[in-house]
Enquirer: 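Would you mind keeping the following structure in view while I ask a few things?
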2 protein chains.
Amino acid sequence: MAVVPKPEAPSPPGPTFVPLYQQVRDILVHRIASGAWRPGSPLPSEPRLAAELNVSLGTVRKALDELVSGRLVVRQQGRGTFVAEQTPDSALFHFFRVVDAAGERVIPTHRELHRACGPATEEEVARLALAPGSEVLRLRRLRAAGGRTALLEHISIATALVPGLADHEGALPNTLYDLYQQQFGLTIRRASETLRAAAADPETADLLGLDAGTPVLQIDRVAYGFEDQPIEWRVSLLDTRHFAYANEIE
Amino acid sequence: MAVVPKPEAPSPPGPTFVPLYQQVRDILVHRIASGAWRPGSPLPSEPRLAAELNVSLGTVRKALDELVSGRLVVRQQGRGTFVAEQTPDSALFHFFRVVDAAGERVIPTHRELHRACGPATEEEVARLALAPGSEVLRLRRLRAAGGRTALLEHISIATALVPGLADHEGALPNTLYDLYQQQFGLTIRRASETLRAAAADPETADLLGLDAGTPVLQIDRVAYGFEDQPIEWRVSLLDTRHFAYANEIE
DNA sequence: GGCTCCAAGTCATCTATAAGACATATGATA
DNA sequence: TATCATATGTCTTATAGATGACTTGGAGCC
């Protein structure tokens with residue numbers, strides 16, 4: 001392994017010391033991010049990795065510990081360590097924070113209203129860090145839960161990232177994030193949201209079954225991938241007469 | 001140490017096996033929660049703890065690792081390990097998620113409008129798990145940032161938890177959570193929030209400098225302590241014309 | 001065929017040891 | 001007295017080895 005500072009040959013006492021286990025972690029992250037190990041597939045066993053990278057088992061385990069807490073891999077005692085896989089459930093659980101009036105988490109349905117490609121607007125260029133004039137795929141969906149319309153989603157994603165999705169036949173899945181991962185190798189690692197209260201414009205109000213001007217919760221979210229590159233921009237408008245946005249601060 | 005399953009005497013093969021490091025962690029948590037070690041004070045050194053608890057250094061370290069990730073303690077290389085201390089900055093950074101129009105985090109000022117005690121309302125009883133008829137202290141504050149009024153806070157906390165606070169002379173600090181910890185031994189460990197869009201009622205609108213009926217973001221938060229007991233209930237109304245609520249989903 | 005049991009492979013836990021990095025206190029020296 | 005080198009105590013990193021827990025697959029048996 002090209003890891004530099006073996007304890008026998010300590011690192012240059014200069015300002016650059018990177019612990020072995022972090023170097024190992026970065027190597028593993030890179031292999032996952034580059035797609036060398038696909039989601040769901042097993043990593044080599046810990047002893048094998050230790051031998052390959054020429055470090056001790058404990059060091060590999062410490063590196064893997066960090067990947068686990070970053071939700072990049074999943075360990076299963078007796079089976080092995082696997083690249084984390086986005087599932088509809090996990091994606092919903094993690095990113096969909098809508099609860100009903102009773103405060104219970106909600107499992108939404110969805111209905112596609114609109115799908116089309118077009119040149120990116122100025123705002124899309126900014127949010128998604130696109131080159132001006134890039135083409136984006138836009139999606140509009142209406143989500144309901146418990147028989148009641150809950151929210152309206154406006155989704156934008158660079159067409160180049162999801163080739164063929166624009167012409168996809170039939171319904172798209174309820175959660176797009178696992179589709180991105182499985183079909184296009186795009187793993188959503190984190191999301192940045194900005195929430196505001198806004199008055200529903202007539203069209204939104206109509207779709208949500210509200211009077212125009214009713215306050216709705218506007219959730220503006222950019223989802224980022226492995227290299228922290230923006231992947232998808234989504235603005236959701238939530239009817240907070242019957243639903244709410246729940247957030248846990250640990 | 002009373003820790004049960006030393007590796008030489010493995011645990012009963014029944015369904016109850018608790019790893020040593022978790023037992024150690026629980027012991028340490030209890031000592032901190034009970035106030036035996038106060039915020040800011042140093043824990044015994046790792047070797048000392050290992051000797052006292054009759055486990056290896058690695059096991060103590062693994063237990064401490066969990067306390068660190070739970071933000072109960074802070075480690076400082078060369079100095080020691082200390083019980084985490086709520087500071088105004090850390091509390092603001094962690095719990096105050098308001099950003100300005102440019103998306104920059106905001107450092108708010110505050111002005112107290114109202115402070116009084118009274119019997120708990122039905123809603124306060126429910127949110128704070130109080131006995132009916134308990135007395136609560138209510139606080140109303142107006143926060144501003146960048147010279148602009150940002151949000152109105154309604155705070156409720158059981159009077160019994162903060163004896164004397166009702167008659168506190170002079171201004172209360174900008175962040176109450178560190179006051180709770182330092183004055184009353186109440187450490188806020190997590191908070192549960194529910195967000196909705198609502199139309200500003202006339203009084204709120206007046207205080208925030210809005211027209212009545214303007215949509216505002218209503219942030220309903222219950223803050224919990226060590227034993228996961230509710231400590232404080234707070235409803236904040238945010239003017240999202242000039243500010244927003246920022247949330248990062250990792 | 002279906003079942004049990006065992007063995008191998010894997011992660012999980014625990015111990016022991018050593019040396020590096022960092023902060024602070026101590027004491028010698030000028 | 002002031003400063004600097006040293007010593008000490010702390011967390012940090014890294015290694016090695018042993019044992020336990022869990023899963024899987026296959027051999028052997030009925």
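In what follows, every chain begins at residue 1, and chains take the letters A, B, ... in the order their sequences are listed. Given the structure is predicted, the values throughout are model-derived calculations rather than measurements.
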Enquirer: CD of Q22(A) versus P of dA21(C): gap in Å, rounded?
Expert: 14 Å
Enquirer: Is any side-chain N of the basic residue among D228(A) and R190(A) closer than 4.0 Å to the acidic one's carboxylate O?
Expert: yes
Enquirer: Give the B/S/- string for nucleotides 4-12 of chain C, one per nucleotide from 5' to 3', where a protein heavy atom under 4.0 Å of the base yields B, of only the sugar-phosphate yields S, and otherwise -.
Expert: -----BBBS
Enquirer: Closer than 4.0 Å, any side-chain N/O of T59(B) to the OP1 or OP2 of dT15(C)?
Expert: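 For dT15(C), OP1/OP2 do have a side-chain N/O of T59(B) under 4.0 Å.
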Enquirer: Kindly write out the residues that satisfy side chain to side chain contact (heavy atoms under 4.5 Å, CB included) with E66(A), not counting sequence neighbours, or none if the list is empty.
Expert: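 Per chain and number, E66(A) pairs via side chain to side chain contact (heavy atoms under 4.5 Å, CB included) with Y21(A), R25(A).
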Enquirer: I'd like to check L53(A) versus T59(A) (side-chain heavy atoms, cut-off strictly below 4.5 Å). Are they in contact?
Expert: no
Enquirer: Any salt bridge linking E153(B) with R221(B)? Criterion: basic side-chain nitrogen under 4.0 Å from a carboxylate oxygen.
Expert: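 Answer for the salt bridge query: no.
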Enquirer: For F95(A), check ring pair (Phe, Tyr, Trp, His ring centres under 6.0 Å) against everything at least two apart and list the hits.
Expert: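 For F95(A), the residues satisfying ring pair (Phe, Tyr, Trp, His ring centres under 6.0 Å) (neighbours in sequence not counted) are Y177(A).
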Enquirer: Taking the six-membered ring of F96(B), is NZ or CZ of R143(B) closer than 6.0 Å to its centre and within 45° of its axis?
Expert: yes
Enquirer: Expressed in angstrom and rounded to an integer, what is the separation of F17(B) atom CZ from dA21(D) atom P?
Expert: 6 Å
Enquirer: To the nearest Å, give me how far apart CG (L20(B)) and P (dT19(D)) are.
Expert: 16 Å
Enquirer: Let me know the distance between CD of Q23(A) and P of dT13(D), rounded to the nearest Å.
Expert: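 The answer, rounded to whole Å, is 12 Å.
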